[in-house]
Amino acid sequence: MDEERRVLVEWRQKTAEGHQDHAEWVDADYIAQGGLSLGYAITGHKSQGLTVQEALVYGPGAQANALYTMLSRDKRESHLFLPLSVYETDADRARAGEPETDQEQLDRAVAGLLREIESGTEERMVLTELPDHAVPDQVREVVETLPGPRAPRSQDEPEDAPQADARGPHRDGPPVEQAAGPIRADQETGRPYGHLSSSALRDAIRKAAAATRSTRAAAEEAETAAERAEQLASVDQGPNVLDLHRRHQDLRSRAAAIIEARSLAEAIEERTSAHEDQDRRLHEIELRLTAAGRFGRPALRGSDRAAAETERLGVIRARDEIRRELDELAARLRRTSAVAGPTAEHASVLAEVQAPRHEDTLLRSAREQDRDHARQLRAMAERDRGVAARAARRDAELGEELRRRPPDRAAATAEHPRRRTAGSIYANEYGHSEVACCAALLPDDAQVAPRT
């Protein structure tokens, strides 16, 4: 950043001669309108769980699962970049030729992405349910007899109504003991998370705390953006009004440059004519000086020849001065023409500057667009504030549920954490016993007993 608060932006561009570095200064007004914003580069796997306003996704090398993760991070929009030069080799381009239209270029890039996804070696999706024919009979029998969640009682059902035996028809031995009284989540108790086990409750609390922090930060950012947009719109400094003022200023600058360019062109034409006159005079003087009389003697002699030589030097100096002026005028004309723009647009620019009939209408429209943009940001801020409030309320309810739990239940869970095995863990949410089974490791005569 320099003293004028401009920002230097550098990028690398691939050309036929190789990669070339480019740099350009961006002024503060352009940045204030949102033309330049801060962004972070991150891998697709690292972005899982994040939420951003806008995502720029680089397609090459990403498989289907990674693309889904990257393209689902945004709140507003995602942009997928598919460089055709990455998906096509020189042989492919020689066979298909250069794309004739933008649509053809897009279609070929998308086709390259599909080929890369179809030929990828990424891990396939893991199913949570196996097909029946893939489950051994002895495992299926054990799973079918596992105790399921207790159905909620109806209002007419007494509290001491007998429950169905957790033992299935193929189980011998005593019934499975139910864990210490499951907490019912209904409106009477006011405990919406009472059905969670202690470990599941603590895990939910950790996730709720993270969600509360992220949603609060997003709400604060949206509130700041809405307040800034409203302030800028109230003082006619919104992006649309500034863009309109800048456009009018550009038109006035172009009109002044057009008028100056026309004056310079006339001056160049006049000085060119003067330069040609000096050339003619110089030619005439040189003819007089080289003229010869009788017997080959010079026609001009003595004082006449000296006067002609003096005149010749004066003409040469005048011609050189005119040439220097022409060079300066030509340089000024080149600089002015760059500001004036194409010659075909000069007439329309001058007409628009000299007769600004719709300037007030355009200004009112720009102000209304800025106010609409501020209202949209305010609506987004209110929505994000509601999301943050719901996340905070859920965090508080989960914390209250943890405080209301019996101390012995929480301590027992902390002293005896669940041990996960390589197989699937079948457990209900009411504190029933767990049964670990692994279809690939169970022999035909294996017996699976509940863990209490």
Side-chain angles (χ1 to χ4, degrees), residues 47-53 69 72-76 128 146-161 163 166 177-227 377-420 424-434 451-452:
S47 68
Q48 188 168 3
L50 297 179
T51 301
V52 296
Q53 297 295 329
T69 300
S72 58
R73 300 301 93 202
D74 64 284
K75 286 185 177 181
R76 296 180 182 175
T128 59
L146 290 176
R150 299 174 61 183
R153 300 177 185 271
S154 62
Q155 297 180 355
D156 298 334
E157 184 179 0
E159 291 292 334
D160 57 351
Q163 296 292 321
E177 294 183 2
Q178 304 296 328
I183 304 174
R184 296 174 56 191
D186 53 20
Q187 297 180 355
E188 296 178 359
T189 60
R191 301 172 66 174
Y193 302 103
H195 64 284
L196 295 178
S197 63
S198 296
S199 60
L201 180 61
R202 285 191 293 271
D203 185 60
I205 289 175
R206 286 193 296 270
K207 294 180 179 179
T212 301
R213 290 192 296 270
S214 61
T215 54
R216 184 186 298 115
E220 293 174 355
E221 181 180 355
E223 181 67 24
T224 302
E227 290 180 355
L377 291 179
R378 174 56 60 189
M380 292 179 59
E382 293 177 355
R383 183 191 63 187
D384 291 347
R385 188 164 56 248
V387 172
R390 290 192 293 271
R393 184 168 58 252
R394 183 174 184 271
D395 189 15
E397 291 175 351
L398 287 168
E400 179 64 22
E401 175 61 32
L402 182 62
R403 286 190 293 271
R404 297 175 64 178
R405 289 291 175 91
D408 55 345
R409 180 178 178 184
T413 307
E415 293 175 0
H416 302 284
R418 294 183 178 180
R419 291 173 293 177
R420 300 285 180 177
S424 303
I425 302 298
Y426 294 90
N428 56 52
E429 296 295 336
Y430 293 87
H432 287 185
S433 58
E434 298 178 346
R451 294 162 51 198
T452 59

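A 4.5 Å side-chain heavy-atom check between Ser214 and Thr51 finds every atom pair outside the cut-off. Side-chain contact check for Lys75 versus Val52: every heavy-atom pair is 4.5 Å or farther apart. In this structure the side chain of Arg394 reaches within 4.5 angstrom of the side chain of Tyr193, judged on heavy atoms. Looking only at side-chain heavy atoms (C-beta outward), Arg378 and Glu227 come within less than 4.5 Å of each other.
The structure places CG of Leu196 at 9.5 Å from CD1 of Ile205, a figure rounded to the nearest 0.5 Å. Here CZ of Arg216 is found 8.5 Å from CG of Asp395. Values are rounded to the nearest 0.5 Å. For the atom pair OG1 (Thr215) and CG (Asp384), the distance works out to 9.0 Å, reported to the nearest 0.5 Å. Separation of atoms CD (Gln48) and CZ (Arg73) is listed at 6.5 Å; rounding is to 0.5 Å. Interatomic distance, Asp74 CG to Ser47 OG, rounded to the nearest 0.5 Å: 11.0 Å. Rounded to the nearest 0.5 Å, atoms NZ (Lys207) and OG1 (Thr212) are 14.0 Å apart.
Checking Arg403, Arg405, Arg404 one by one against Glu401, the salt bridge (charged side-chain N to carboxylate O under 4.0 Å, His left out) holds for a single residue, Arg405.
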Full working for side-chain contact (heavy atoms from CB on, under 4.5 Å) between Met380 and Arg383: CA-CA 5 Å; Met380 292 179 59; Arg383 183 191 63 187; 4.1 Å; yes
Chi angles and distances behind the side-chain contact (heavy atoms from CB on, under 4.5 Å) call for Glu382, Arg385: CA-CA 5 Å; Glu382 293 177 355; Arg385 188 164 56 248; 3.3 Å; yes
